[in-house]
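Presented below is the structure to which this report refers.
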Number of protein chains: 2
Amino acid sequence: MPVRKAKRVVKRPAAKRRRRLIRLDNDERRAQLLAMGRAAFTTNSYDEVSIDDLAKKAKISKGLFYYYFPTKRDLYIAGLAETAQELVDKLVGVPKLAELSPRERASVGVDAYLAHVSAQSSGFVALMRGGIGSDPEVAQVLENVRVSILEEFMKGAPISAFLKTRPLSRIAIRSWIGMVEAASIEWLSQQDIPREAVRDLLVDLLFDMLMRVLDPRDAAKYKAPAA
Amino acid sequence: MPVRKAKRVVKRPAAKRRRRLIRLDNDERRAQLLAMGRAAFTTNSYDEVSIDDLAKKAKISKGLFYYYFPTKRDLYIAGLAETAQELVDKLVGVPKLAELSPRERASVGVDAYLAHVSAQSSGFVALMRGGIGSDPEVAQVLENVRVSILEEFMKGAPISAFLKTRPLSRIAIRSWIGMVEAASIEWLSQQDIPREAVRDLLVDLLFDMLMRVLDPRDAAKYKAPAA
DNA sequence: CGGTGCTGTTGACTCGTTCTCAACAAATGT
DNA sequence: ACATTTGTTGAGAACGAGTCAACAGCACCG
């Protein structure tokens, strides 16, 4: 019979006082870890965050972390999705959106977006920078935010119709979104610009863009004031 | 006396045929590794690329890699900088740029940019997605690209003056750059849109933007054709 | 031709990090 | 009292970045 590797002897030194386990409800613990993870990822980059540290700060064993999240990436993505959802919720919560004209709707929406951005600045930057380079799941989260937001505050305007009929308009809309994000980030890095100025510029350019991309007949409806 | 771990005996088995070393010139090897690194990072994300693998593919020891690059990050950044430089060079190489009107210059510049983007699609995407989330050096490389390009094909137009006089114009320009990048990425993901259409849209919107941000007196000079 | 010094090259090793797993303990039945 | 479920632990496997002392190829010099 082959020599089996000796079973590891788990000796429990009687002298060492046993720390009483703290047993939490499943959801609570998960929530705790998720919150701590989000905090960590907004202040540090992905690799800088170590599960060992996280577990230490949460006063649990590393093993327990993996009982709740299969991988570190899952924690990251879960946090990102939550951050993203908060942004969407904030915008969806804007009251009376449906009653306004397209232009007013866009203005109120962009304003709410910028308000959120400035309130959550570091969280927003963390969301945008993506953390993990080109992870498809991360990209998906960002994609969902963009689509949700547009769908929401462009409801009523024939945006979805454009997307289908004119291929260029899809690019145009994505471009404008890219513009909003770039503007937000730049705006955060300067203190002194009033929100309304940024908002008006973005809204004006949105309609400038629509004018150039839409059928002339439809475009007339959205005619923007000249500069 | 405690049992000391026996010193590892470095035995050179006579039977084992010694592989003759391949000794390369310093620059050659560095170039080889950089090229392989760039290839790896354009098809895989930062963490997916392992120096062990890279060394294996280059048929060298891992130690040698670190003789040429102090860290993995350095390889990454060196590659990124090269990719970025290629983009800048391409645009700077556009002939007779100085002779054109601002609008034509912008148009030619954007066109060259888009041409490069479509030729180097995966390289461009790799450049934009940044790989490492919020690394300051990576951000610096991207920043340099943007500034160089703008400086180059906006030479003559009072861009730098705007940046100083009107705080909003800084945001406006960054926004437009964000727009160009977003448009490029979206354009790459659709096959069927002619380059000229994207180019014209971007240029038109650039001047729409200038109209809204500039002093009315200056703006008159850049009046864009209506949609 | 044999030394000598420089430099490209090796491979084993350290260290840190993600992720695994069998044993264990606290609650919850029955 | 005993059994079951499930939150929890700690050791360690697996792997990757980065280090280091020794080594080999080559040019130069006598």
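Residue numbers begin at 1 in each chain, while the letters A, B, ... track the order of the sequences. Basis for what follows: all heavy atoms, side chains included, without hydrogens, waters or symmetry-related copies.
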Under 4.0 Å, heavy atoms only, any strand: does [X] hit a base, just the sugar-phosphate, or nothing?
| X | result |
| --- | --- |
| B:Y68 | sugar-phosphate |
| A:D47 | nothing |
| B:I51 | sugar-phosphate |

Between [options], spot the one nearest the side chain of [X], thanks.
| X | options | value |
| --- | --- | --- |
| A:T71 | C:dT9, C:dC19, C:dT10 | C:dC19 |
| B:R23 | D:dT9, D:dA24, D:dA17 | D:dA24 |
| A:K72 | C:dT10, C:dC19, C:dA25 | C:dC19 |
| A:S50 | D:dG16, D:dT9, C:dT18 | C:dT18 |
| A:D52 | D:dA17, D:dA24, C:dT18 | C:dT18 |
| A:S61 | D:dT9, D:dA17, C:dA25 | D:dT9 |

Open item on the list: With a cut-off of less than 4.0 Å, is there a side-chain N or O of A:Y66 near OP1 or OP2 of C:dT20?
Closed with: no
Open item on the list: So, does A:R29 get its side chain near the phosphate of D:dT8, meaning an N or O under 4.0 Å from OP1 or OP2?
Closed with: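 Yes, within the criterion.
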Task: Approximate separation, where rounding is to 0.5 Å, of A:Y113 OH and A:L202 CG - done: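 So the gap between those two atoms works out to 9.5 Å.
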Task: Point-to-point distance, once rounded to the nearest 0.5 Å, from OG of A:S175 to CD of B:E186 - done: 7.5 Å
Open item on the list: Donor-acceptor check, side chain of A:W176 to backbone of A:L205, threshold 3.5 angstrom: yes or no?
Closed with: no
Task: Parallel, tilted or perpendicular, as decided by the 30° and 60° cut-offs, for the rings of B:Y46 and B:F41 - done: parallel
Task: 5'-most by nearest nucleotide on DNA chain D - A:D25 or A:K62 - done: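 Mapping each residue to its closest nucleotide by heavy atoms, the 5'-most match is A:D25.
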Task: Contact nearer the 5' end of DNA chain C, comparing A:G63 with A:D53 - done: A:D53
